Amino acid sequence: MVSEKKSAVAVVMGSDSDMDVMQSCIEQLGGFGIEPVVRIISAHRTPQIAAEFAQTAAKDGIKVIIAAAGMAAHLAGALASRTTLPVIGVPLISSSGLEGIDAFLSTVQMPAGVPVATVAIGKAGAKNAAILAVQILALSDEGLAEKLTKFRKQQAETVDEKDSGL
Ligand code: RP5
């Protein structure tokens with residue numbers, strides 16, 4: 001699925017098997033009015049496409065890349081190595097039996113010089129990646145900054161309501 005509209009956020013995942021979890025990232029972005037470019041690109045199965053995507057992302061108007069993968073998840077790092085755009089890495093739980101620890105270490109342990117902003121493993125990370133991308137964009141977008149303030153307020157109210165309902 002590739003959005004026709006120019007978007008400031010790209011959500012890249014290593015496999016269609018990642019879509020289930022990454023749907024929550026896409027939906028979270030949607031809550032802020034952002035329709036991301038969504039791509040399935042693999043650092044090891046389609047390395048050439050990964051390189052081309054990262055190299056042309058800034059020119060295509062993308063400002064933040066969210067990269068999600070499971071197992072030996074070097075997708076985020078592979079993309080980050082070819083762009084100076086901020087890259088947020090989402091380590092995913094796969095069928096490896098390692099509960100995402102493999103992906104977490106592969107994503108977070110970037111050697112000095114090429115950072116990947118790594119979020120939590122799985123669905124929480126997928127959602128936080130979206131929110132972090134919005135926070136980055138909100139630095140130069142007052143409308144988004146207001147939406148973030150509202151989002152935090154609503155989130156706190158939801159917790160309060162649950163507390164009151166006990
Ligand atoms: C990674 O390998 C993908 O991001 C996925 O999480 C994992 C397994 O991929 P499939 O074998 O399900 O395509 O590259």
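Just so it is clear, the structure is predicted and the values come from calculations on it, not from any experiment. FYI, the numbering just counts along the sequence from 1. As the structure lists them, so they are numbered: ligands from 1, and atoms in each ligand from 1. Reckoned from all heavy atoms, side chains included, excluding hydrogens, waters and symmetry mates.
Annotation: the span from S140 atom OG to L144 atom CG amounts to 8.5 Å, rounded to 0.5 Å. Atom-to-atom distance recorded for L79:CG and Q55:CD is 10.5 Å, nearest 0.5 angstrom.
Annotation: atom 6 (O) of ligand 1 to nearest protein heavy atom, D18 OD1, 2.6 Å. Shortest contact from atom 11 (O) of ligand 1 to any protein heavy atom: R45 NH2, 3.1 Å. Nearest to atom 10 (P) of ligand 1 among the protein's heavy atoms is S15 OG, 3.4 Å.
Ligand 1 has a nitrogen or oxygen under 3.5 angstrom from a nitrogen or oxygen of G70. For the pair S17 and ligand 1, the shortest N or O to N or O distance falls below 3.5 Å. Considering backbone and side-chain N/O atoms, S42 never comes within less than 3.5 Å of an N/O atom of ligand 1.
Taking 4.5 Å as the limit, some side-chain heavy atom of V134 sits within range of a side-chain heavy atom of L148. Considering only heavy atoms from C-beta on, F151 comes within 4.5 Å of Q28 through its side chain.
For ligand 1, the atoms closer than 4.0 angstrom to any heavy atom of A69 are 4 (O). Listed by number with element, the atoms of ligand 1 under 4.0 Å from a non-hydrogen atom of H44 are 14 (O). Below 4.0 Å from some heavy atom of G14 lie the following atoms of ligand 1, by number and element: 3 (C), 4 (O).
Look at E146 and K150 and you find no salt bridge, because none of the NZ, NE, NH1 or NH2 atoms lies under 4.0 Å from a carboxylate O.
In plain terms, the two heavy atoms of G122 and V21 that are nearest each other are C-CG1, 3.8 Å.
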Please step through side-chain contact (heavy atoms from CB on, under 4.5 Å) for the pair T107 and H74, ending with a clear verdict.
CA-CA 6 Å; T107 306; H74 56 307; over 6 Å; no

